[in-house]
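Data block below; observations after.
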Amino acid sequence: MSRPRIVIVGAGFAGYRTAKELSRKARGKADITLLNPTDYFLYLPLLPQVAAGILEPRRVTVSLSDTLPRVRLVLGEADGIDLDGRTVHYTDPEGARGTLAYDRLVLAAGSVNKLLPIPGVAEHAHGFRGLPEALYLRDHVTRQVELAAAADDPETCAARCTFVVVGAGYTGTEVAAHGQLFTDAQVRGHPLREGMRPRWILLDVAERVLPELDEHLSRTADRTLRERGVEVRMGTSVKEATSEGVLLTDGEFVPTRSLVWCVGVRPDPLAESLGLPMERGRLLVDPNLQVPGRPEVFACGDAAAVPDLDNPGQYTPMTAQHAWRQGRTAALNVAASLGAGVRRPYAHRDLGFVVDLGGVKAAANPLGVPLSGLAAGAVTRGYHLAAMPGNRVRVAADWLLDAVLPRQAVQLGLVRSWAVPLDTASPESAQAPGPRRRADARSGPGAATERETRPGEPAAGQEPEAVASAGEAVIAEAKARETADRKSPERKPVEWESPEWESPEPARNEAGGGPARNRPAPEQAGNHLGSESAKNQPGGEPGQGPGSVARTDADPAEGDS
C-alpha cells in the first residue's frame, strides 16, 4: 500500500511548523512535500535589525532542508489548486511548471502587501514585508545619508535625510526606532550641513503608538521614540505621495525621498482562487482547521479564518504567534485524519508581548508584568533567541559585535528598486527584470538616475520588432567596420585591452531611489510571548485605513510567510 502524500503550501510560521511537526510525527510513514518560493524560513521579527545593519541577512533565515528532515522541498509558487483532482500546480524559480498530487493538503500561503487607494503611494512607497525589502531599505537609507552629506543645497540635504514611516504598529515602531539609531550613527562619519540631523517621522491615524498594547507599554514606546528624536504624529497619515515628498492629512507637505509603508497586509490571493467560502479574503475553516466540505484540505496562518474559541463569533487575527501555534495543530490533525492520534481544536493563551526599540531599549509585559528599559531589552532578546528555530549562536554573536564595534554602513547594491514592487504576490523573493519593468522605473520619491532596461529589451513605447531590427543593423554595421579595419594597412595592433573596457558601465544606484512602487507593506507585529518555542510577529491586520493597525488580539507577531 502506498504511503499517503501530504503537500504543504508555504513555509512561513504556519507552514514551517506544520512541516516540522509532521516530519517528527510521520517518521517516514508519509511522503511530505513542502512547496515554497525560497529555501529558507524567514524569522520576520528580526527583520528591522537587518535593515538597520545589526544582523546580517542570513542570520534571520533558517534552512528548510537542514531543519526539516524527511521533508521534500520543492521550490516554486503555487499557481492554482485543483480540489477535485487533488493536485497543486506551481511554477519554479526558472519558469518551469509542475504539478504535485496530494492526499492531504495544508494551505499556509500567508499574506501579501495591501495597497490603499491613496494617490502616489503605489508609485512612491516602499514596503517592509520580506528580506529583499529590508536589504533595499538598508541600502537606500545609507545612500540618502551619503548624498545628503554631499549636497550643496540645504533643501536637498534636508529632503534626503528625512524618512517617513506610516503605521505605528509593531513594524512601523521598530523600523522608526532602529532607523533613527542607524542614521545617527551614519552622520557621525558623514556629517550633514551645520545644524542638520536625520529626521524620522512616524505617522498613524490611531490615538497612540502600539494601540493594541496596554497603555503602559504604549507610553514606554512613545517616550523612547520621542527621546531619540523621532517625530511621533498620531491622528495623521498620508494624503498624497509625490516624487518630491508626501502631503499629510493635516495639510503639511514634507519633502522626502523615503516613504516606508507599514500599514497592513491581505491574505494571499491563492486562497480566494479556490472558490470556497471566505471571510475577508481568508479561507473559512472549522476549529480543527479543516475546510468544510473538503476534509482532505487544511488551512492555517494568514490564509485561514480560524474561529476564536475564546471570543465566539470572531476569528483569530493574522499574527505570527497564531500562525506558529496553528501550524502545530494542523500537523496533529492531519496525522489524526490518517489514523495517528486524535483531532483537537485550535486554542491559544496570551502570555504577553515584546517590542524591540533598538539599543538596550524595549517594551515588554511577560505574563502581564510591564517592563521597560534594560530589563525589557534583556527579556526581548532572550525571547528571540528562544523562539528562533536556528542560528541562535550567530544572532547572539552579531548582537555582541554590534555592542562593541561600529556598524558597517555601506551600499551593497544587491537589490534594486524595481526588484521589490509592492504589488508582488511574493514579497519574499526579489523580482527579476521583465516586460513589467518600466524604462524609467522609480524607487520612490526620487527617480532612478539611469535607464534600467536591459540590452535588447524594448524601451517604453517601442515595439520588440523594432528593437530586434535595430540590433541586427548595429551588428551588421559593426561587422562591416571590423572587416574594413582588417583590410586597412594603417591599422595598428592593440597592445593591451582590458576586459573592463568592453563591459557596459554598471547602472548607478538610484540617487533618489526610495520606496518601492506599488502596495502598502505589512503591519508587522513586534513579538508575542507565547507558550510555544518560536512564535512571533510581523504581518498585519487586514483592511485598516492609512496608518491604522487595529487588531482583535494584542499579539505583536504578525504574518506567517
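As the structure is a computational prediction, the values presented were derived from the model and not from experiment. All residue numbers in this chain count up from 1 along the given sequence.
No more than 12 heavy atoms of other residues, nucleotides or ligands lie within 6.0 Å of CZ in Arg394, so this atom counts as exposed by the packing criterion. Atom CD of Glu227 has more than 12 neighbouring heavy atoms from other residues, nucleotides or ligands inside a 6.0 Å radius.
The aromatic rings of Phe13 and Phe41 stand perpendicular to each other, their planes meeting at an angle above 60°, with 30° marking the opposite boundary.
The side-chain heavy atoms of Val62 and Tyr43, taken from C-beta on, include no pair separated by under 4.5 Å. Counting only heavy atoms from C-beta outward, the side chains of Val145 and Phe163 approach each other to under 4.5 Å. Contact of the Arg233 side chain with the Glu252 side chain is registered, since non-hydrogen atoms from C-beta on lie closer than 4.5 Å. Taking 4.5 Å as the limit, some side-chain heavy atom of Val187 sits within range of a side-chain heavy atom of Pro198. The shortest distance between side-chain heavy atoms of Val395 and His384 does not fall below 4.5 Å. Residues Leu135 and Pro57 are in side-chain contact: their nearest non-hydrogen atoms beyond the backbone lie under 4.5 Å apart. Leu55 is listed as a side-chain neighbour of Val60, based on a closest heavy-atom distance under 4.5 Å. Residues Pro389 and Thr67 have side chains not in contact (no heavy-atom distance under 4.5 Å, counting atoms from C-beta outward).
Under a 3.5 Å cut-off, the side chain of Thr316 and the backbone N or O of Asp308 do not form any donor-acceptor pair. Not one N or O on the side chain of His126 forms a donor-acceptor pair closer than 3.5 Å with the backbone of Ser258. Put simply, the side chain of Arg325 gets close to the backbone of Arg349: a donor and an acceptor are under 3.5 Å apart. Of the possible donor and acceptor atoms, none in the side chain of Arg138 sits under 3.5 Å from a partner among the backbone N and O of Ala51. Put simply, the side chain of Glu272 never gets that close to the backbone of Pro269: no donor and acceptor are under 3.5 Å apart. Using modelled atom types, one side-chain atom of Arg392 and one backbone atom of Leu385 make a donor-acceptor pair closer than 3.5 Å. Without hydrogens or angle criteria, Asp214 side chain to Leu217 main chain gives a donor-acceptor distance under 3.5 Å. A donor-acceptor pair under 3.5 Å links the side-chain atoms of Gln326 to the main chain of Gly301, judged by distance alone. One N or O on the side chain of Arg228 and one on the backbone of Leu357 form a donor-acceptor pair closer than 3.5 Å. Under the 3.5 Å distance criterion, the side-chain polar atoms of Asn391 are matched with a main-chain donor or acceptor of Arg58.
In plain terms, the two heavy atoms of Gln180 and Thr183 that are nearest each other are O-OG1, 3.2 Å. Considering all non-hydrogen atoms of both residues, Ser111 and Arg129 come closest at OG-NH2, 2.6 Å. Heavy-atom minimum distance, Ala206 versus Met234: O-CB, 3.3 Å. Residues Asp356 and Lys361 share a closest heavy-atom pair of OD1-O, 3.7 Å. Nearest heavy atoms, Ala168 versus Asp204: N-OD2, 2.6 Å. Across all non-hydrogen atoms, the minimal contact from Phe128 to Cys262 is CB-SG, 4.3 Å.
Checking Arg160, Gln411, Gln186 one by one against Glu146, the side-chain hydrogen bond (donor to acceptor under 3.5 Å, both in side chains) holds for a single residue, Gln411. Of the listed residues (Leu202, Leu259, Val260), just one forms a side chain to side chain contact (heavy atoms under 4.5 Å, CB included) with Val164, and that residue is Leu259.
The line from CG of Leu405 to CG of Asp398 is 11.0 Å long, rounded to the nearest 0.5 Å. How far CG of Asp250 is from NZ of Lys239: 10.0 Å, rounded to the nearest 0.5 Å. Note: Thr236 OG1 to Leu248 CG = 7.0 Å, rounded to the nearest 0.5 Å. Rounding to the nearest 0.5 angstrom, the gap separating the CZ atom in Arg381 from the CD atom in Gln49 is 5.5 Å. Remark: Glu174 CD to Leu210 CG distance equals 8.5 Å, nearest 0.5 Å. Here Trp261 contributes atom CH2 and Ile118 contributes atom CD1; the two are 3.5 Å apart, rounded to the nearest 0.5 Å.
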Run the side chain to side chain contact (heavy atoms under 4.5 Å, CB included) check on Ile54 and His178 step by step: do they pass? CA-CA 9 Å; Ile54 299 173; His178 282 282; 3.6 Å; yes
Evaluate the salt bridge (Lys or Arg N to Asp or Glu O under 4.0 Å) criterion for residues Arg226 and Glu231: first the C-alpha distance (whole Å), next the side-chain angles of each, then the deciding distance (0.1 Å), finally the verdict. CA-CA 6 Å; Arg226 294 180 188 274; Glu231 297 180 32; over 6 Å; no
Candidate pair Val306 and Cys300, rule side chain to side chain contact (heavy atoms under 4.5 Å, CB included), full reasoning: CA-CA 7 Å; Val306 181; Cys300 51; 5.6 Å; no
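Of the charged side-chain nitrogens involved, none lies within less than 4.0 Å of a carboxylate oxygen, so that Arg143 and Asp139 do not count as a salt-bridged pair.
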